[in-house]
Participant: 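Below is a structure I'd like to ask you about.
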There are 2 protein chains.
Amino acid sequence: MKKTNYTKSKKSFSPETIRRLSLYLRNLRGLKQRGVKIVSSEEITRFLNISSPQFRKDLSYFGEFGKRGVGYEVDKLAQEIEKILGINKEWKIALVGVGGLGSALLKFPGFSKFNEKITVVFDNDAGKINKVKSGIKIQDINEIQQTLSKKNIKIVMICVSPENAQEIADKAIKANARAILNFAPVSLKVPKNVYVANVDMSCELETLIYFLNKSGI
Amino acid sequence: MKKTNYTKSKKSFSPETIRRLSLYLRNLRGLKQRGVKIVSSEEITRFLNISSPQFRKDLSYFGEFGKRGVGYEVDKLAQEIEKILGINKEWKIALVGVGGLGSALLKFPGFSKFNEKITVVFDNDAGKINKVKSGIKIQDINEIQQTLSKKNIKIVMICVSPENAQEIADKAIKANARAILNFAPVSLKVPKNVYVANVDMSCELETLIYFLNKSGI
DNA sequence: TATAGTTTGTGAAAATTGGAACAAACATGA
DNA sequence: TCATGTTTGTTCCAATTTTCACAAACTATA
Ligand SMILES: NC(=O)c1ccc[n+]([C@@H]2O[C@H](COP(=O)([O-])OP(=O)(O)OC[C@H]3O[C@@H](n4cnc5c(N)ncnc54)[C@H](O)[C@@H]3O)[C@@H](O)[C@H]2O)c1
Ligand SMILES: NC(=O)c1ccc[n+]([C@@H]2O[C@H](COP(=O)([O-])OP(=O)(O)OC[C@H]3O[C@@H](n4cnc5c(N)ncnc54)[C@H](O)[C@@H]3O)[C@@H](O)[C@H]2O)c1
């Protein structure tokens, strides 16, 4: 009994499952580039710090993608995971705040390489507005409402100073944004139908220091 | 109830507890700056998407820091959490790869503001070596071994291209590094006594897209 | 075709994690 | 001092998440 309908999975899964799918996908892309055609659950998880049953179970929530006694077709599984994650179609992204971090993100090919593209950027610094950076013209933050609406952009990366992050989130949501990738070290307050992911480097660092310190220098 | 039972060790806590402590601390610092002296578990968690019993339980693993019927002294609790995390002492950090992201991290005051300081940086680009960036002279990556040993640096941030990340990790570990904050989108292979935290923006973004896509645009 | 050897998919058990409830501790005010 | 109200610290319970074990499905070879 083949399952092809991703929207109807039998049991509910952890959000961690989704995060792991993203890791599997990255791994699969690497394998594909190296010419590997078939991979087993054992092989693909070997260097990921994830158990092979975990891998199989994660996939099982969405269907059957392997062949027993053989393994998984690298290319096919990559495509299936892309479909599950929804990154088989193109997603346009707006970036707000073209400072040190924003500029780095603009140059980063990891997003644009695939179907995630930063297509508009905003700032409130008169010295930056209308300048072109990494091939994209920086727009006035005051244009965010009409631009997001017109281009139907749902994803916003926030790279402004912490004090202004909430204000930008509010503006973005008013412009119908539904997903925020927040780099500012603040907890954003958003309605329930808006998804927020925080990239919190200080938090990661401090967690690391805790374990380092506990281990005795 | 005071901690009088030494035979039975306290229950072990989730690593998530440590991550949350870092968030509490950030919040406490903000409150302190705004002149708040006392805070309750209810107030401190209100905008954090964390329940107040969770907060109290997280703290309970490490001691009793509040006063019943009153709450927590902001400044005192901040100091206690700093002590728990081990960030009450200074930690020197090395950064490898002064590209777009590395340069942004160098400028970022969030680390240096407190006791986490990037004190040395490395690159392998002849055009960058010996140049000064954000007040720090960029060193040749070949000097990593002797410099880390000499300065007794245990924490390394990896901001090089994905293909070179493992090589840098190996070098850092050989130079007695014990903690790695990895920004390259690869899974690093390290010995058990080395701690790795990954800052994985693509992964965050793809997870976000999954939920956005599932919700119907 | 039969048999041995792999590897997947999955239900059930185990472990972990979060949440609710409540007694203990403290403050306040009569 | 006593009663009332507040907030913490902790225990117990529910829910989630991972791990384990194994039948099912497939390959290869004789
Ligand atoms: N740089 C890092 O490595 C790093 C690391 C972790 C977190 N962060 C966080 O990321 C955010 C950006 O960091 P950064 O180093 O790029 O800061 P930055 O000061 O270099 O850049 C901030 C940019 O945002 C713009 N901006 C500020 N307010 C705005 C507003 N209301 N509307 C539009 N644009 C606005 C500024 O003009 C500037 O260009 C900060 O919140 C910072 O704490 C940065
Ligand atoms: N820029 C971003 O926004 C962003 C976002 C997510 C992840 N990342 C990841 O972070 C890493 C750095 O990104 P970036 O945009 O700064 O790249 P970059 O190419 O701008 O910078 C890389 C730097 O590392 C140096 N380097 C390369 N190999 C080295 C080696 N063997 N020894 C010493 N130095 C070496 C290069 O000389 C360069 O200065 C990459 O792995 C990238 O995938 C970047």
Side-chain angles (χ1 to χ4, degrees), chain A residues 1-6 8-21 23-24 27-28 31 36-46 48-74 76-78 80-81 84 207, chain B residues 1-5 8-21 23-24 27-28 31 36-46 48-74 76-78 80-81 84 207 211:
Chain A
M1 48 171 180
K2 204 96 179 176
K3 266 230 164 89
T4 47
N5 191 343
Y6 305 121
K8 277 181 199 165
S9 46
K10 38 193 130 170
K11 271 191 183 171
S12 72
F13 47 86
S14 158
E16 283 300 302
T17 289
I18 301 301
R19 181 179 309 276
R20 285 191 295 264
L21 285 182
L23 292 180
Y24 304 148
N27 214 324
L28 288 165
L31 290 169
V36 178
K37 298 286 183 215
I38 301 280
V39 72
S40 72
S41 61
E42 201 61 50
E43 288 163 349
I44 200 174
T45 55
R46 186 162 298 153
L48 278 182
N49 241 17
I50 299 171
S51 72
S52 62
Q54 180 71 274
F55 171 82
R56 298 197 297 273
K57 175 141 258 194
D58 283 339
L59 288 181
S60 78
Y61 293 118
F62 303 95
E64 301 188 3
F65 306 108
K67 200 184 267 188
R68 300 180 186 202
V70 182
Y72 302 83
E73 278 183 47
V74 170
K76 183 178 149 232
L77 183 58
E80 293 285 2
I81 294 182
I84 294 168
T207 304
Chain B
M1 181 98 52
K2 283 275 190 271
K3 302 180 284 182
T4 49
N5 193 341
K8 224 198 278 178
S9 61
K10 278 211 168 184
K11 255 194 181 176
S12 71
F13 48 85
S14 157
E16 283 302 301
T17 290
I18 301 301
R19 182 179 309 275
R20 285 191 295 266
L21 286 181
L23 292 180
Y24 305 146
N27 214 325
L28 288 165
L31 290 169
V36 179
K37 298 285 183 216
I38 301 280
V39 72
S40 72
S41 61
E42 201 61 51
E43 290 163 348
I44 200 174
T45 54
R46 185 163 297 153
L48 278 183
N49 240 16
I50 299 171
S51 72
S52 62
Q54 180 71 272
F55 171 82
R56 298 197 295 276
K57 194 173 195 180
D58 283 339
L59 288 181
S60 79
Y61 293 118
F62 303 95
E64 300 188 4
F65 307 107
K67 200 184 267 187
R68 302 182 185 201
V70 183
Y72 302 83
E73 277 183 48
V74 170
K76 183 179 148 232
L77 183 57
E80 293 285 2
I81 294 182
I84 293 167
T207 304
F211 288 105

Participant: Counting only heavy atoms not in B:Lys76, do more than 12 fall under 6.0 Å of its NZ?
Facilitator: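 Yes.
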
Participant: If I take atom CG in residue A:Leu59 and atom P in nucleotide C:dT8, what distance separates them, rounded to the nearest angstrom?
Facilitator: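 The distance from CG of A:Leu59 to P of C:dT8 comes to 10 Å, rounded to the nearest Å.
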
Participant: Choose from C:dA23, D:dT18, D:dA21 the nucleotide whose nearest atom is closest to any side-chain atom of B:Arg68.
Facilitator: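 Selected nucleotide (nearest to the side chain): C:dA23.
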
Participant: Starting from P on D:dT17, measure out to CD1 on A:Ile18 and report it in whole angstrom.
Facilitator: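 Going from A:Ile18 (CD1) to D:dT17 (P), I get 12 Å.
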
Participant: Return the CZ to CG distance between B:Arg20 and B:Leu59, rounded to the nearest 0.5 Å.
Facilitator: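 Separation between the atoms: 10.5 Å.
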
Participant: Distance check needed: D:dT8 P versus B:Lys76 NZ, whole Å only.
Facilitator: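 It is 12 Å, rounded to the nearest whole Å.
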
Participant: Please report the interatomic distance CG(A:Asn27) to CG(A:Leu48), rounded to the nearest 0.5 Å.
Facilitator: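 Rounded to the nearest 0.5 Å, the CG-CG separation comes to 4.5 Å.
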
Participant: Side chain of B:Glu16: nearest nucleotide among C:dA27, C:dG18, D:dT18?
Facilitator: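 Minimum distance to the B:Glu16 side chain belongs to C:dG18.
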
Participant: Listed by chain and number, what are the salt bridge (charged side-chain N to carboxylate O under 4.0 Å, His left out) partners of B:Glu43, not counting sequence neighbours?
Facilitator: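 For B:Glu43 there are no salt bridge (charged side-chain N to carboxylate O under 4.0 Å, His left out) partners, ignoring immediate neighbours.
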
Participant: Nearest whole angstrom, please: distance from the C1' of D:dT19 to the CG of A:Asp58.
Facilitator: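 The answer, rounded to whole Å, is 12 Å.
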
Participant: I want to check one thing: is the phosphate of C:dT7, taken as OP1 and OP2, less than 4.0 Å away from some side-chain N or O of A:Ser41?
Facilitator: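 A:Ser41 to C:dT7 OP1/OP2: no side-chain N or O under 4.0 Å.
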
Participant: Taking the six-membered ring for Trp, are B:Tyr72 and B:Phe65 closer than 6.0 Å centroid to centroid?
Facilitator: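 When the ring centroids of B:Tyr72 and B:Phe65 are compared, they turn out to be at least 6.0 Å apart.
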
Participant: Hey, which sits more toward the 5' end of DNA chain D by its nearest nucleotide, A:Lys57 or B:Ser40?
Facilitator: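 Closest to the 5' end, via its nearest nucleotide, is B:Ser40.
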
Participant: Choosing from D:dC22, D:dT19, D:dT10, which nucleotide comes nearest the side chain of B:Arg56?
Facilitator: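 Nearest listed nucleotide: D:dT10.
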
Participant: When the distance from CD of B:Glu42 to P of D:dT8 is rounded to whole Å, what number comes out?
Facilitator: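 Result: 8 Å.
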
Participant: From CG of B:Leu77 over to C1' of D:dT8, roughly how many Å is that when rounded to an integer?
Facilitator: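 In whole Å, D:dT8 C1' lies 12 Å from B:Leu77 CG.
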
Participant: Which nucleotide wins on minimum distance to the side chain of A:Arg20, given the candidates D:dT18, C:dG18, C:dC22?
Facilitator: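 Among the listed nucleotides, the one closest to the side chain of A:Arg20 is D:dT18.
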
Participant: Find the distance B:Glu64:CD to D:dT7:P and express it as a whole number of Å.
Facilitator: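 It works out to 18 Å between those atoms.
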
Participant: Can you figure out which of D:dT27, C:dG19, C:dT17 approaches the side chain of A:Lys67 most closely?
Facilitator: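 In terms of side-chain proximity for A:Lys67, the closest of D:dT27, C:dG19, C:dT17 is D:dT27.
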
Participant: Reckon A:Gln54 has a side-chain N or O less than 4.0 Å from the OP1 or OP2 of D:dT17?
Facilitator: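 A:Gln54 to D:dT17 OP1/OP2: no side-chain N or O under 4.0 Å.
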
Participant: With respect to the phosphate group of C:dG11, does any side-chain polar atom (N or O) of A:Tyr61 fall under 4.0 Å of OP1 or OP2?
Facilitator: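 Checking A:Tyr61 against C:dG11: no side-chain N or O falls below 4.0 Å of OP1 or OP2.
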
Participant: Specify the separation, in whole Å, of atom CZ of A:Arg19 and atom P of D:dT17.
Facilitator: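 Roughly 12 Å, once rounded to whole Å.
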
